[in-house]
Every structure is written in structure tokens, then in C-alpha cells.
Protein chains: 2
Amino acid sequence: MSKATIKDVARVAGVSLKTVSRVINNEPTVKEATRKKVRAVIDDLKYQPDMSARNLRGNKSYAIGLVYDNPNPYYVVDVQEGVLKACREMGYSLQIHPCDAAHDGIVQELCDLVNNSRLAGLVIAPPVSENEAITNALAEHGIHFVRIISASEPPKGKAPCVYVNDRAAARSVAEHLIDHGHTRIAFLSGEEEHLSTPERRAGFKEALKAHGISVDDSLVLPGAYSFDSGFERATKLMERSDRPSAIFGCNDEIAAGALAAVKTSGLTVPGDVAIAGFENSPFSQHSRPPLTTAAQSIGEIARQAMMLLIAEMRPQALAEGEVQTTTAEFVPELIERPSTA
Amino acid sequence: MSKATIKDVARVAGVSLKTVSRVINNEPTVKEATRKKVRAVIDDLKYQPDMSARNLRGNKSYAIGLVYDNPNPYYVVDVQEGVLKACREMGYSLQIHPCDAAHDGIVQELCDLVNNSRLAGLVIAPPVSENEAITNALAEHGIHFVRIISASEPPKGKAPCVYVNDRAAARSVAEHLIDHGHTRIAFLSGEEEHLSTPERRAGFKEALKAHGISVDDSLVLPGAYSFDSGFERATKLMERSDRPSAIFGCNDEIAAGALAAVKTSGLTVPGDVAIAGFENSPFSQHSRPPLTTAAQSIGEIARQAMMLLIAEMRPQALAEGEVQTTTAEFVPELIERPSTA
DNA sequence: GGTCAACATGACAACGTTGACTATTCAGTC
DNA sequence: GACTGAATAGTCAACGTTGTCATGTTGACC
């Protein structure tokens, strides 16, 4: 009762193994009538090709790896679901690979992963995807991969890439604050190694400049993508006599920390200080008041990444008309909530 | 340069394919000298057996599936890492399978998963693992699996199981509150479908009784494992004239919501109301004040689950002396933080 | 009607591994 | 020295799929 093989399909449909194989793989040289007949049998028997056999036979593989090193589980889980969904649709299996981007042997580790697990390609999430030493090395080893990165324009280089325009989104958030009358706005950065930090900060500064507001560098503070880091920096800011009237956290965790700090200082949000975050994580939804933020549909981004990867690996697998691009842009969307009202 | 096969090893070592296979699989009928020689060549060539070929050949498979439906990404990511680590150690590959436990076709879905992906077995996390309709059906289909559940004693039935003694841990948390002089303690439940809810509540009640405190049922409130649900219930509690002096949230999200509610009501924590959570999630670490909670080492639990599963599937794979148990207990540990000081 | 190309299909081997079976070696025994 | 049985090693086929190459089938054109 368990396994229907290509053999069964061939027997029932009255054709050869190879013809079934051709139908499965969308090869063109099959008569339409035959194709239909075989498809019907496939549906009927609920046949699904066996990954192991496929991988074994060709040097082609139908497994892809998802590489990430992200401190934010919400992000990780969303990316996983998006990629997994796309994998299922396209008949691939998924191998997750959490790793340490700072680890010395990371390149070797990824090469071994691809070889040992016979992976067709990799989807690489930030921050690993933003480390050029790593991606260049992978490209040299002839490994197929697609990156998800933070950038304001298509990256050069031939490797496919999905880029999230954090800069444009950060501009929107900053403009939102400016529209509400704020001119002294603090910016709490994340780690500099994450491209999202300079990108979001650039968007912030661009918005100020566009509105003729000069940037006060003493309000642009380095730090980390964590609640504690946000709390600490905001606490210091609140002690200053020239404290800002608004705080823009480079992500929601920082903003949530800042929110806690402002309240701890006895000030109100948004009355005394407006606060905005980035990423639309539960931190922004669960704080009191909920935080204005920018949302990216991670699932859709992950899906798109998979599609680009497949296009690169097996161009023929895609339907005729589909566009052959190697990059895709996503712009997170401003979500207004009470923290800036 | 990429692939060393069993053939290469055999040639270099001057033995037959089969002998190498025997060495790899720890079969006993190989002379020690031969075994050593082959092992050396294997290391030398960095040979690693090909999963696809293995899976294809035997009906045995070296892939296991991780099934979960959990709204808490922190938990999911930790479980993934724990299981993945154990998989690597034991030479298995891992296939993640997020799913909807309430979905009608879930049993069929899991059976198909096992058949189509040729999985050797499943690691099932709560709450899917606690749905007996599902696990019984899987057992009937002859599918190997191990459950991670919440329970205060080894479950009956032959399927291997890792049980987390939430009841005992909840007793510790409640006793901690009692030790601090609280007698009117509210308990904010999670969803009743999650076994952890009745278990933790039972531990809470046991502690009260053990200290001669009668349970006030109007302080034991049903709800959901969410920030909002905690916020809502705590807000109502704070409006009561006979408000409790302490709140025990069934998890940290509930507790964090309660914390926000208490502060919103103009009361202080822990001054007016003490608050404790459960799970040691970042919610408990990031709130102000940080929350007293109970911590389980999810990674270790996941690892242990994998070991039990392997023991069930391939008893011979384990080293000689290793104990052959089918259940393992973990007791979360009390972590005292300022929210109850 | 015969020729040729284009299209459609099939036969067979091969991917890397292991199970079932067979062959060899080597003590120990009569 | 031939006979056992256990210990050790090898041969071969098979898992489900697809690439290569060969074959059959169609239709258009002279």
C-alpha cells in the first residue's frame, strides 16, 4: 500500500518507464495524448518520484540547503516556511543548516555540506549572505546559491539575489516621524556587520536631509540588535537635557528596549517620546503601546528566492513565458501603530 | 575532487566493496586487522556514505522527520537545533515538517510524508505529540516515532517518549511564590489542548494544598498562550477589590502580558503584585523587571528524543553498554528573577 | 511510392549501496 | 588427513530513476 513507483505508473498507463520519466520532467518530446494519459495515472496512483533514486542517478539533485545564522527565531521560522513551501511546489526537499557565520571554516563547512548531502543549491539568508568572503568562495567552487540580502539596488555579480530595500522602508518610517512634527530623532543602530544596519540608517538620514533637517550625530548610536542594547542606549538618551522627541530603533527588539527605557524614565510614549521599530516582529505587536514598524513578507521573499535559485539551476524547469530575472526587489511596508500617534 | 565512493575505498584498501560496507555498518564479521586498514582508508579519503544510495537500496532509511505545530518560534528553533545535532552525530539527515495539528488530514499527511520521503522515523513535538488520535494512528500504521510531551510520569504504551515534568516544575514556581508570603495567587492558563496547561495548573494547585492554602477557583482563569490573553485577564484581575498579590502565568508570554497589564493599572511589580512565568523564553528575560520562570533545556530534550528514536529503530546501532530505556524525564528548573523578589 | 526529417517512444545501463547468497580460510576434531 | 563448523571475505542483483542511444512512427515533399 505504501509505494507507487514509476514502474507501476508505466504498467498501468501502458507505456515505458522512460516515457513516464519524460512526463514527470516536462520534457517536450511527448505526444499530448500520451502526456495526459500518464498524468492521469500519476494522479490516480498518487505517484511521487523518489528523491533518493533521483539524486543517486543523475548528478543532479533535488535537495536544496537553507543556510542561516540568525539570532531572531521569528525570522528563521518564517524563512523556513517560505522556502519549504516553494520546495514542495517544485518537487525539492529541504535541508536546514543553521551555522555560525563567524566560524573560520564556514566555507569548507558549506562546501562539504553541498557535496556530502548532494545539494543542488543553497538559499542563504542574512547575515551569512552578506559576507562576500563566503559568497565569493562558494561561487568559485561552482556552487549554486541565491542570497537574501539588504540592499537598495540590485547587487552586481551574476549570482541570483533577492534584495530587501530596507533603505527605502527606513525612509518611510523616518518620514512618518517627521510628518508628526519630530525633528530631533535618535537612531539606534544594530550590528554593523548586518547590512541592514547601514541601509536602514542611510534611509533614516536621507529622509532627514530631504526635509532639510540636519543630522545630529550624537543621536545616532551604535549598538546591537537586542532589547538590552536598546534599553541601555535609550536610558542614556533620556538622561540628556537635549533628549530627542522620537527614537527610531533599527529593529523591533531595540525599539522595545527603548520603549521600556522611556517608560522606566517616567516619560510617556508617544506623548513625550515617539518610538518606531522595524521588522514587524511580535515585539512590536506586543509592546504597550504597540510599535510603529516596517513589515516585510518574509515568506514571499523566501519563495521568490527559491524560484530564482531554480531558474539558475534548471532553466528548463520553468514554464515557457516566465521571465528570466536574476534579482528581485522587496520593499518593507510602513505599519503605523500607537507608539508614534 | 568531490566524491569518494565505497568503490574507491575498496580499491585503495585492497578489499571488496562488501567488506567496506561491513566496516561502515559495524557488522561483527570483519577481522580486526582488516577493519583497521579500511577505517584508515576511509579517514584518508574522507569518505562518507551516500545517503541517497543507502536510502534507495535498503528499505531502511537514514532520514528522520521533525513534526511540530508550535506558535513559539523560540521553542521550534531550539528543538530543531537539538535534533539536528543528534542527527549529525548518528549519521542521519533531518527533514523538518511544520504542520497544523488541527488539520483533518493530518494523519494521512504524516503517513504520506514518511512514505514519500522514506523517513525512518519521526520526532514529534507538542502539541501534535499530545494528540492521541494522531499518535495512535501512526502506531497502527507501523510508523516509528518518539514524542516529546508534558507529563508527570512515564506514559503507558510502548512508543518511546521524552516527558517534561511541568507539574513538578510548576510546583517549584508556586512554592517560590508561597515562600515569599503570597497566599492569593492567580493562575492564568494556556490552551487546554496543550497538556502543559493542565500539568502546570496541577502543580500549582498541589503546591497550594501542600501549604494548606485553599484554591480560589475565581483566580484560576482559562485563556490562551498569548501576550494579549495574559494582558486581558490580568487587567480584569487588577480591577477586583480582592485582587491577588501574585500572578503565575502558564508561560512567559502570558506573564509578560500580565506584567504589562499590572503596570498599566498603575501598580508595581513586584511591589504590589509578584509575577512568574514559565519556559524561560526571551519574553521573561526582556521584560522589566525580568520574570521569574522555569527553564527547560530544549536542546538536550530534543537530543535525548533522537536517541530514544534510534534505539527503537536500530537497537544494534548503539554501543554495547548503553541502557535500553524507552522513556526519559526532564524537570524544568526554577529561575528566580526580580519580578518576584 | 520512396526518401528524409522530425517527432515520439523504448531498451538498457548506470548512479552507490547493501541483502542474500556463496566461497574461502582456518582451527579443532576424530 | 579428511571433516567439521565458525569466522571471514567476496559475487551478484536490486533499490527507482534518468541519460544515452536506438528504434519506431508520422507526414511532407519530390
Side-chain angles (χ1 to χ4, degrees), chain A residues 2-39 41-42 45-63 91-93 115-118 120 313-314 316-317, chain B residues 2-38 41-42 45-63 91-93 115-118 120 314 316-317:
Chain A
S2 45
K3 61 221 157 178
T5 82
I6 201 172
K7 231 179 205 161
D8 303 320
V9 176
R11 188 167 27 75
V12 175
V15 298
S16 76
L17 295 188
K18 185 62 213 188
T19 300
V20 179
S21 170
R22 278 193 257 260
V23 171
I24 297 165
N25 290 70
N26 270 322
E27 288 179 37
T29 62
V30 180
K31 206 159 44 170
E32 203 46 46
T34 318
R35 190 185 298 275
K36 234 172 215 156
K37 189 173 54 179
V38 173
R39 282 246 170 79
V41 177
I42 288 179
L45 301 185
K46 287 191 194 135
Y47 164 76
Q48 282 204 264
D50 182 285
M51 290 297 169
S52 300
R54 274 188 155 181
N55 290 347
L56 178 55
R57 170 56 231 224
N59 260 354
K60 263 136 205 154
S61 142
Y62 293 82
Y92 279 72
S93 71
N115 285 331
N116 292 332
S117 302
R118 294 175 158 267
M313 297 184 309
R314 300 193 313 159
Q316 76 286 2
Chain B
S2 45
K3 62 225 158 176
T5 83
I6 203 174
K7 230 178 205 161
D8 303 321
V9 177
R11 188 167 28 73
V12 175
V15 297
S16 77
L17 294 189
K18 186 62 212 188
T19 301
V20 178
S21 172
R22 278 194 257 261
V23 171
I24 297 165
N25 290 69
N26 271 321
E27 288 178 38
T29 62
V30 180
K31 203 155 52 168
E32 203 45 48
T34 317
R35 190 184 299 275
K36 232 171 216 157
K37 189 172 56 179
V38 172
V41 177
I42 287 178
L45 299 185
K46 288 191 195 136
Y47 164 76
Q48 284 203 262
D50 184 286
M51 289 298 169
S52 300
R54 276 187 153 181
N55 290 347
L56 179 56
R57 171 54 230 226
N59 259 355
K60 262 134 204 154
S61 143
Y62 293 81
Y92 279 72
S93 70
N115 285 332
N116 291 333
S117 301
R118 293 174 159 268
R314 301 192 312 156
Q316 76 287 2

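These numbers come from the heavy atoms of this one structure, side chains and all, not from hydrogens, waters or symmetry mates. From a predicted model like this one, the values you see are computed outputs, not experimental measurements. Letters go in sequence order (proteins before strands), and every chain restarts at 1.
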Problem set entry | Length of the line joining B:Arg54:CZ and D:dG16:P, which is rounded to integer Å | 18 Å
Problem set entry | side chain to side chain contact (heavy atoms under 4.5 Å, CB included) partner of A:Val9, the single match among A:Thr19, A:Val41, A:Val15 | A:Val41
Problem set entry | Minimum-distance nucleotide to A:Lys18 side chain [options: D:dT17, C:dT18, D:dG19] | D:dG19
For this session: Calculate the interatomic distance between A:Ile6 atom CD1 and D:dG19 atom P; express it in whole Å.
Result: 11 Å
For this session: Kindly compute the distance separating CZ (B:Arg11) from CG (B:Leu45), expressed to the nearest 0.5 Å.
Result: 8.5 Å
Exercise. Starting at CG of B:Asn25 and ending at P of C:dG16, how long is that distance when rounded to a whole Å?
Worked result: 17 Å
Problem set entry | Partner set under side-chain hydrogen bond (donor to acceptor under 3.5 Å, both in side chains) for A:Asn55, not counting sequence neighbours | none
Distances under 3.5 Å only, N/O to N/O: pair up the protein atoms with those of nucleotides 7-9 of chain C.
unit_1	atom_1	unit_2	atom_2	d
C:dT9	OP1	A:Thr34	OG1	2.5
C:dT9	OP2	A:Lys31	N	2.9

Seminar exercise, completed: Residue set satisfying side-chain hydrogen bond (donor to acceptor under 3.5 Å, both in side chains) with A:Ser52, at least two apart, ordered chain then number -> none
Pairs under 3.5 angstrom only: tabulate donor-acceptor contacts from the side chains of residues 29-39 of chain A to other protein residues two or more places apart or in another chain.
unit_1	atom_1	unit_2	atom_2	d
A:Arg35	NH2	A:Glu27	O	2.9
A:Arg39	NH2	A:Asn26	OD1	3.4

Problem set entry | d(CD1, B:Ile24; P, C:dG16) in whole Å | 13 Å
Exercise. Is the shortest heavy-atom distance from the side chain of B:Arg54 to the side chain of B:Asn25 under 4.5 Å?
Worked result: yes
Problem set entry | Presence of B:Tyr62 side-chain N/O under 4.0 Å of C:dT18 phosphate oxygens OP1/OP2 | no
Exercise. Does the side chain of A:Asn55 get closer than 4.0 angstrom to OP1 or OP2 of D:dT17 through an N or O atom?
Worked result: no
Problem set entry | Nearest non-hydrogen partners of B:Ala63 and B:Tyr92, listed with the distance | N-CD2, 3.9 Å
Seminar exercise, completed: Between the CG atom in B:Leu56 and the OG atom in B:Ser61, the distance rounded to the nearest 0.5 Å is 11.5 Å
Problem set entry | Nearest-Å distance for atom pair CZ/P, residues B:Arg118 and C:dT17 | 16 Å
Exercise. Could you give the angle between the helix axes at the two ends of the helix from C:dG1-D:dC30 to C:dC30-D:dG1, with five pairs per end, rounded to 10 degrees?
Worked result: 60°
For this session: Please report, rounded to the nearest Å, how far the P atom of D:dG19 is from the CG atom of A:Leu56.
Result: 13 Å
Problem set entry | For B:Ile6, side-chain contact (heavy atoms from CB on, under 4.5 Å) partners two or more places apart | B:Leu17, B:Val20, B:Ser21, B:Ile24, B:Tyr47
Exercise. Is any side-chain N or O of B:Arg57 under 3.5 Å from a base N or O of C:dT18, one able to act as donor and the other as acceptor?
Worked result: yes
Exercise. Could you give the NZ-to-P distance, from B:Lys7 to C:dT17, as a whole number of Å?
Worked result: 10 Å
Problem set entry | 5′-ward residue of the pair B:Gly14/A:Leu17 relative to DNA chain D | B:Gly14
Exercise. Expressed in angstrom and rounded to an integer, what is the separation of A:Glu27 atom CD from C:dG10 atom C1'?
Worked result: 13 Å
